[in-house]
Amino acid sequence: MSVARILEEKGPDVFTVSENGNIHDAVRALGEHRVGAMVVVDDDLRIKGILSERDIVGAIAKRGASALSEPVSALMTRNVVTCTEDMPINRLMELMTQGRFRHLPVERDGKLAGIISIGDVVKRRIAEVEQEAAEIRHYITSSA
């Protein structure tokens, strides 16, 4: 199973934000779309950063509500770990576990091609395990 397969199943839609936007608007968008992170991109869809709920909560904890009026560029994570569509799921899980993040932008030719969440990975892995179990049950019942 690869990242490309997950994107085929879930679709390539990604909620994005400009680094020039403000945090208040980004918080509103996170809530409206019911997502935990948005990729920060430029007009050409090049990845500039990622803004997560964790980034926002950390800033509010340090600076209070005034953090909401700051630009996205002030709070976003700039060194974004990305993946490619041919990356296997096991490697993706390793990256997410080591980096302690739940969202991984997918990059193709230097531009944003999608996003994978830990929920996407878990859902796909559960489907694989269920399929394997069904195949084993079929094998056992057909060979008896």
Side-chain angles (χ1 to χ4, degrees), residues 1-63 65 67-142:
M1 177 56 55
S2 68
V3 169
R5 181 72 187 266
I6 291 176
L7 287 180
E8 284 174 18
E9 292 175 4
K10 75 173 261 182
D13 294 339
V14 182
F15 297 108
T16 62
V17 64
S18 164
E19 62 187 321
N20 300 321
N22 70 45
I23 296 299
H24 186 267
D25 291 339
V27 167
R28 184 179 295 122
L30 286 167
E32 286 173 6
H33 300 302
R34 300 179 52 85
V35 295
M38 292 193 304
V39 182
V40 183
V41 295
D42 64 15
D43 292 338
D44 295 322
L45 291 179
R46 286 187 302 258
I47 299 169
K48 297 295 187 179
I50 192 164
L51 180 69
S52 70
E53 295 166 327
R54 187 179 295 169
D55 297 325
I56 296 165
V57 169
I60 291 172
K62 289 179 185 173
R63 299 191 284 283
L68 294 172
S69 61
E70 294 184 36
V72 168
S73 61
L75 302 187
M76 71 184 192
T77 299
R78 292 180 184 277
N79 296 327
V80 181
V81 175
T82 62
C83 66
T84 58
E85 292 168 297
D86 61 345
M87 184 175 285
I89 296 304
N90 289 344
R91 178 66 183 129
L92 191 70
M93 290 189 296
E94 286 175 23
L95 282 174
M96 290 177 148
T97 301
Q98 290 168 356
R100 298 179 50 103
F101 42 78
R102 300 177 312 223
H103 301 88
L104 202 57
V106 182
E107 196 170 24
R108 181 189 317 126
D109 299 325
K111 296 183 180 185
L112 179 65
I115 192 165
I116 301 292
S117 73
I118 191 66
D120 299 328
V121 174
V122 169
K123 179 180 175 183
R124 186 63 214 150
R125 188 65 189 118
I126 288 171
E128 285 178 346
V129 169
E130 289 174 346
Q131 178 64 34
E132 289 171 7
E135 289 171 7
I136 290 170
R137 279 192 299 276
H138 177 74
Y139 174 77
I140 290 170
T141 58
S142 67

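We number each residue from 1, following the sequence as shown.
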Novice: Could you tell me the separation between the CD1 atom of Ile60 and the CD atom of Glu70, rounded to the nearest 0.5 Å?
Specialist: 9.5 Å
Novice: Testing Arg125, Lys10, Arg5 one by one against Asp120 for a salt bridge (charged side-chain N to carboxylate O under 4.0 Å, His left out), which residue passes?
Specialist: Lys10
Novice: Are there more than 12 heavy atoms of other residues, nucleotides or ligands under 6.0 Å from atom NE2 of His33?
Specialist: yes
Novice: Side chain to side chain contact (heavy atoms under 4.5 Å, CB included) with Val121: which of Asn90, Ile116, Ile126, Leu104?
Specialist: Ile116
Novice: Starting at CD1 of Ile118, measure out to CZ of Arg102 and round the result to the nearest 0.5 Å.
Specialist: 10.0 Å
Novice: Hey, are the side chains of Asp55 and Ile23 touching, using non-hydrogen atoms and a 4.5 Å cut-off?
Specialist: no
Novice: Heavy atoms only: give me the nearest Val17-Ala26 pair and the separation to one decimal.
Specialist: CG2-CB, 4.5 Å
Novice: Taking the basic N atoms (NZ, or NE/NH1/NH2) and the acidic carboxylate oxygens, is any pair closer than 4.0 Å for Lys123 and Glu9?
Specialist: no
Novice: For His103 and Ser117: C-alpha separation, side-chain torsions, deciding distance, then whether side-chain contact (heavy atoms from CB on, under 4.5 Å) applies.
Specialist: CA-CA 4 Å; His103 301 88; Ser117 73; 3.9 Å; yes
Novice: Give me the atom names and distance for the closest heavy-atom approach of Ser69 to Asn22.
Specialist: O-CB, 4.3 Å
Novice: Can you give the donor-acceptor pairs under 3.5 Å from side chains of residues 37-48 to other protein atoms, not counting sequence neighbours?
Specialist:
| residue | atom | partner | partner atom | Å |
| --- | --- | --- | --- | --- |
| Asp42 | OD1 | Asp44 | N | 2.9 |
| Asp42 | OD1 | Leu45 | N | 3.2 |
| Asp42 | OD1 | Arg46 | N | 2.9 |
| Asp42 | OD2 | Arg46 | NE | 3.0 |
| Asp42 | OD2 | Arg46 | NH2 | 2.9 |
| Asp44 | OD2 | Arg46 | NH1 | 3.4 |

Novice: Hey, could you give me the CD1/CG distance between Ile50 and Leu75, rounded to the nearest 0.5 Å?
Specialist: 13.5 Å
Novice: Looking only at heavy atoms, which two atoms of Val35 and Phe15 are closest? And how far apart?
Specialist: CG1-CD1, 3.7 Å
Novice: Is it true that a side-chain atom of Arg78 and a backbone atom of Ser73 form a donor plus acceptor pair closer than 3.5 Å?
Specialist: yes
Novice: Treating Thr77 as the side-chain partner and Val80 as the backbone partner, does any N or O pair qualify as donor plus acceptor under 3.5 Å?
Specialist: no
Novice: Holding to side chain to side chain donor-acceptor pair (under 3.5 Å), I want the full list of residues that pass it with Glu94, two or more places apart in sequence or in another chain.
Specialist: Arg91
Novice: Return the CG to OG1 distance between Leu92 and Thr97, rounded to the nearest 0.5 Å.
Specialist: 9.5 Å
Novice: Under 3.5 Å, side-chain donor or acceptor atoms of residues 105-112 against the rest of the protein: list the pairs with distances, not counting sequence neighbours.
Specialist:
| residue | atom | partner | partner atom | Å |
| --- | --- | --- | --- | --- |
| Glu107 | OE1 | Thr82 | OG1 | 3.1 |
| Arg108 | NE | Glu85 | OE1 | 2.8 |
| Arg108 | NH2 | Glu85 | OE2 | 2.7 |

